[in-house]
Amino acid sequence: MEFSPSEEQVYVRQVASQILQDQFSDEALVAFEASGEPMHAEAWHHLAEAGLLGLNLPERLGGMNLGLMELLVLVEETGRAVAPVPVASTLVLGALPIVEFGSESQRSLFLTGVAEGTRLLTAALTDAGASEPYAVATTARVDGDGWVLDGVKQAVPALLSANYVIVPAQTRDGLRCFVVSTSQGGVNVTLQRLMNDELAGQLTLEAVHVSDEARLDGLTVEWLVDRALLAQAAEILGMGRAALALTASYTGTRRQFGTPIG
């Protein structure tokens, strides 16, 4: 079995590392945190220019048509740089399920602009008051040739910047997933600051009307959660590697009582 990275994975790591490590020194991260901005727009622009925001998109939408492993390499590099850019939310939670389960018209409708960095996506996986993502209280009922959604989702990553959000909801036929514009009527987005000081959002849906084109057939909460956990693990792996490198550097230079500690 071959475990060495592919040429595409090596390329993604090299380009992402160069962009993000150049952009996010310790001083730059401190300055960004003080700014109160939800994401680093300049770094996002550089990732788009390098083609990294289209890794898993079809070529006709400006993408490279690559897969999940290449996405996870990119997510790992954002973790290593502690980069405040919504790569995991836009590409893994948002674009990936639309590529996998969306029709050609849905891909064009929701993914146009993602590769260029002008459209951001996310997914709302936790209902208000729920302890885990499978306890979905948000509802969707048929209304003519469309649907009406009601509910509250919490701790939605990158919601403050997102144009579209994937929303799991209970229907009379079971759980289904819908793509909802954050700018349409009945949608309210409010800031939430998580315990790790990360900015997220609360998504409130009050009689939100969407067309049947917003429904992603076949997409399940289980599928979304599995990819979300993989992305989280990749990000933590990147952070762990950065922490290990910092520790090794420190122990190689630190002196205690006149003696090197490492």
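All values below come from the heavy atoms of this structure, side chains included, with hydrogens, waters and symmetry mates left out. Keep in mind it's a predicted model, so treat the numbers as computed, not measured.
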Legend entry - Polar side-chain atom of K153 near backbone of P168 as donor-acceptor pair, under 3.5 Å: yes
Legend entry - Residue pair A115 / G54: nearest heavy atoms and the distance that separates them: CB-CA, 4.0 Å
Legend entry - Heavy-atom donor-acceptor pair, Q106 side chain to E213 backbone, under 3.5 Å: yes
Inset, instruction - Locate the shortest heavy-atom distance separating A43 from V85; write the atom from each residue and the value. - result: CB-CG1, 3.9 Å
Inset, instruction - Decide yes or no for T182 and V165: does some side-chain heavy atom of the first lie under 4.5 Å from some side-chain heavy atom of the second? - result: yes
Legend entry - side chain to side chain contact (heavy atoms under 4.5 Å, CB included) partner of R13, chosen from Q18, R80, E8, E76: E76
Legend entry - Heavy-atom closest pair, residues A162 and L121: CB-C, 4.3 Å
Legend entry - Nearest atoms (heavy-atom pairs only) where G94 meets I166: O-CD1, 3.6 Å
Inset, instruction - Among residues two or more places apart or on two chains, list those pairs meeting side chain to side chain donor-acceptor pair (under 3.5 Å) that have a residue in residues 53-75. - result: Q9-E70, R60-E104, R60-S108
Legend entry - Atom pair CG/CZ of L57 and R107 - distance to nearest 0.5 Å: 10.0 Å
Legend entry - From R227 atom CZ to L72 atom CG, the distance as rounded to the nearest 0.5 Å: 10.0 Å
Inset, instruction - Take V208 and W147, measure what side chain to side chain contact (heavy atoms under 4.5 Å, CB included) needs, and give me the verdict at the end. - result: CA-CA 8 Å; V208 175; W147 300 80; over 6 Å; no
Inset, instruction - Return yes if some donor-acceptor pair links the side-chain N/O of E235 with the main-chain N/O of G79 below 3.5 Å, else return no. - result: no
Legend entry - Pairwise side-chain contact, V152 with Q202, heavy-atom cut-off 4.5 Å (strictly under): yes
Legend entry - Separation of L52 CG from L66 CG (nearest 0.5 Å): 10.0 Å
Inset, instruction - Return yes if some donor-acceptor pair links the side-chain N/O of T122 with the main-chain N/O of S89 below 3.5 Å, else return no. - result: no
Inset, instruction - Output yes when a side-chain donor or acceptor of T247 lies under 3.5 Å from a complementary backbone atom of A243, and no otherwise. - result: yes
Legend entry - Joint cluster assignment, L111 & F178, ILVMFWY side-chain distance < 4.5 Å: no
Inset, instruction - Following the transitive rule for hydrophobic clusters with a side-chain heavy-atom cut-off under 4.5 Å over Ile, Leu, Val, Met, Phe, Trp and Tyr, establish whether L149 and V136 coincide in one cluster. - result: no
Inset, instruction - Answer yes if L159 and F110 sit in the same cluster of Ile, Leu, Val, Met, Phe, Trp and Tyr residues linked by side chain heavy atoms under 4.5 Å apart, and no otherwise. - result: no
Inset, instruction - Find out if a path of hydrophobic residues (ILVMFWY) with successive side-chain heavy-atom gaps under 4.5 Å connects L203 to V210. - result: yes
Inset, instruction - Hey, can you tell me if F32 and H40 have their rings parallel, tilted or perpendicular (30° and 60° cut-offs)? - result: tilted
Legend entry - Minimum heavy-atom distance L109-Y164, with the two atoms named: O-OH, 4.5 Å
Legend entry - Working for side chain to side chain contact (heavy atoms under 4.5 Å, CB included), residues Q170 and L175: CA-CA 5 Å; Q170 294 281 2; L175 276 174; 3.7 Å; yes
Inset, instruction - Check whether any side-chain N or O of D143 sits under 3.5 Å from a backbone N or O of V148 as a donor-acceptor pair, and report yes or no. - result: no
Legend entry - L191: side chain to side chain contact (heavy atoms under 4.5 Å, CB included) partners, not counting sequence neighbours: L160, L199
Inset, instruction - Measure the spacing between OG1 of T220 and CG of D226 and express it to the nearest 0.5 Å. - result: 8.0 Å
Legend entry - Minimum heavy-atom distance between T138 and G151, given as atom pair plus value: OG1-CA, 3.7 Å
Legend entry - Approximate separation, where rounding is to 0.5 Å, of L120 CG and L53 CG: 8.5 Å
